[in-house]
Visitor: 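Before I ask anything, here is the structure I am working with.
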Number of protein chains: 2
Amino acid sequence: MPIRVLVYEDNTPLREALSVLIDGTSDYDLVGAFGDNLRVVSQVAGLQPDVILMDIDMPGQTGIEAIRKLRQQPTVADVLILTVFDDDDRVFEAIRAGATGYLLKKTQPSRLLEAIREVYEGGAPMSPSIARKVMQTLHYRPNTDISQLTTREGQVLARLADGMSYKLVAADMEISIETVRTYIKRIYEKLHVHSVTEALAKFRS
Amino acid sequence: MPIRVLVYEDNTPLREALSVLIDGTSDYDLVGAFGDNLRVVSQVAGLQPDVILMDIDMPGQTGIEAIRKLRQQPTVADVLILTVFDDDDRVFEAIRAGATGYLLKKTQPSRLLEAIREVYEGGAPMSPSIARKVMQTLHYRPNTDISQLTTREGQVLARLADGMSYKLVAADMEISIETVRTYIKRIYEKLHVHSVTEALAKFRS
DNA sequence: GCTCGTATCCCATGATTATGGGATTGACCG
DNA sequence: CGGTCAATCCCATAATCATGGGATACGAGC
């Protein structure tokens, strides 16, 4: 069963090149190719693609907005972003919106086909520079401040981060609320802050 | 100039196979191959590898602990995890510790060499299933609650998340502290919470 | 013209937090 | 054995925050 691909790309020569590439390769089926994504929701519902190739910079509505609308639907299709932009803002906005993969337009046709298959098979292809950015956002930045908290102080802070009040923290840890207060005072000294919200801002920085 | 590769893998047959593969390929230089990573810091300092292949499950000290120690040094080498584990906990622990790439051991030798080069050139190769997991953690989970906040309410919440007090938020937004209070009251109604920390817990969920 | 939503400000009361003291216990270290 | 540190509890005062009112103004939409 071939992979059903739907293309959104406003640049006509490129859109046609993509169409020819996909339609001309066995195991890949081009189910549509559009120059704008204004009717993306109904088109996806009707054409039932497995993978959607989406350009970011399109007239009327950006590819990112289109992804957001798709996400509000019970869609199963995965979206592969194909763009010339590799600036952090655009990349992460698209990923957060729900993109499954992110390729730069300079990607080779053979790699593009491979990426479409990878998405279809449960992967998340990215250009190398994008992948590195994504990894770096997940890297833990050692925080000398918070690492010097004691076990109990850390537990208190974690509970506060979950939205618990002093009272609840005390109940949950089975200690007196006065003890909670004491720990929080010490946390403030160590982190050089003066309120829970400030401490939490440092905690998750 | 060949890529200098250092291998940590306790399984001897596999370690030797990796050594032969790397050393036998032009443009790749095997600078060392060890069965344990207890002296990883000094070895890396001495051998000056560009890319480190690291197994996770090793005797004495896990590959993740080794990465943590390397991160505390002024090391420039990138670490590529090579493991049989693809469970979420282990994957994300390694990534947070500072791994640059994450490959499963079932990866083909040709793909492995390609991945080493990709790391060297600034990428972050991952097995498809790992890449998908990474992307999903970054996906914004549409929160109907917070999306119904007005512009100003959202701005207030963002500033509270940065650790600002009502007073500071008011000064920063150039509005009265009473207005800040009003917005916060409405935020509480919309998010069904009763404190700043609770609201923030929902805000970033 | 009227309603609704957003943005803005004000007041009063009670609950929670912040700050700055003390105090005790047990573990670990030299 | 004395010192330090983590963990535990208590009190009092001041500052913030939470809650529940009310009020005005402006633009969009019916």
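Below, chain A is the first sequence line, B the second, and so on; all start at residue 1. The model shown is predicted, which means the values in this text are computed figures rather than measured ones.
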Visitor: Using whole Å, what does the distance between atom P of nucleotide dG20(C) and atom OH of Tyr188(A) come to?
Guide: 13 Å
Visitor: Which letters describe nucleotides 7-12 of chain C, given B = protein heavy atom under 4.0 Å from base, S = only from sugar-phosphate, - = neither?
Guide: BBBBB-
Visitor: Once you round it to whole Å, what is the distance between P of dG20(C) and CD1 of Ile187(A)?
Guide: 16 Å
Visitor: Applying ring pair (Phe, Tyr, Trp, His ring centres under 6.0 Å) as the test, list every pair that has at least one member in residues 30-62 of chain A; sequence neighbours left out.
Guide: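 The answer is Tyr8(A)-Phe34(A).
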Visitor: For Glu189(B) and dT6(C), give me the distance from atom CD to atom P, rounded to whole Å.
Guide: 12 Å
Visitor: In a table with atom names and distances, give each donor-acceptor pair under 3.5 Å that connects a side chain of residues 10-19 of chain A to protein atoms at least two apart or in another chain.
Guide:
| from | atom 1 | to | atom 2 | distance (Å) |
| --- | --- | --- | --- | --- |
| Asn11(A) | OD1 | Leu14(A) | N | 3.0 |
| Arg15(A) | NH1 | Glu9(A) | O | 2.9 |
| Ser19(A) | OG | Arg15(A) | O | 2.8 |

Visitor: Would one find more than 12 heavy atoms of other residues, nucleotides or ligands at under 6.0 Å from atom CZ of Arg204(B)?
Guide: yes
Visitor: Could you state the CD1-P distance from Ile184(A) to dG20(C), rounded to the nearest angstrom?
Guide: 15 Å
Visitor: If a pair satisfies ring pair (Phe, Tyr, Trp, His ring centres under 6.0 Å) and one of its residues is in residues 44-63 of chain B, list it, with sequence neighbours excluded.
Guide: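 Pairs touching residues 44-63 of chain B that pass the test: none.
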Visitor: Could you name each residue pair satisfying salt bridge (Lys or Arg N to Asp or Glu O under 4.0 Å) that touches residues 46-58 of chain B, not counting sequence neighbours?
Guide: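 Only Asp55(B)-Lys105(B) qualify under salt bridge (Lys or Arg N to Asp or Glu O under 4.0 Å).
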Visitor: Of all the choices, dT6(C), dT16(C), dT17(C), which nucleotide is nearest to the side chain of Val196(A) once you look at every atom?
Guide: dT17(C)
Visitor: Between Met164(B) (CE) and dC17(D) (C1'), how many Å, whole number?
Guide: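 Interatomic distance, CE of Met164(B) to C1' of dC17(D): 16 Å.
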Visitor: Pairs under 3.5 angstrom only: tabulate donor-acceptor contacts from the side chains of residues 120-127 of chain A to other protein residues two or more places apart or in another chain.
Guide:
| from | atom 1 | to | atom 2 | distance (Å) |
| --- | --- | --- | --- | --- |
| Glu121(A) | OE2 | Arg117(A) | NH1 | 3.4 |
| Ser127(A) | OG | Leu104(A) | N | 3.0 |

Visitor: Whole-Å distance between dT19(C) P and His192(A) NE2?
Guide: 14 Å
Visitor: For His194(B) and dC17(D), what is the distance between atoms NE2 and C1' respectively, to the nearest whole Å?
Guide: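 Atom-to-atom, His194(B) to dC17(D), this comes out as 14 Å.
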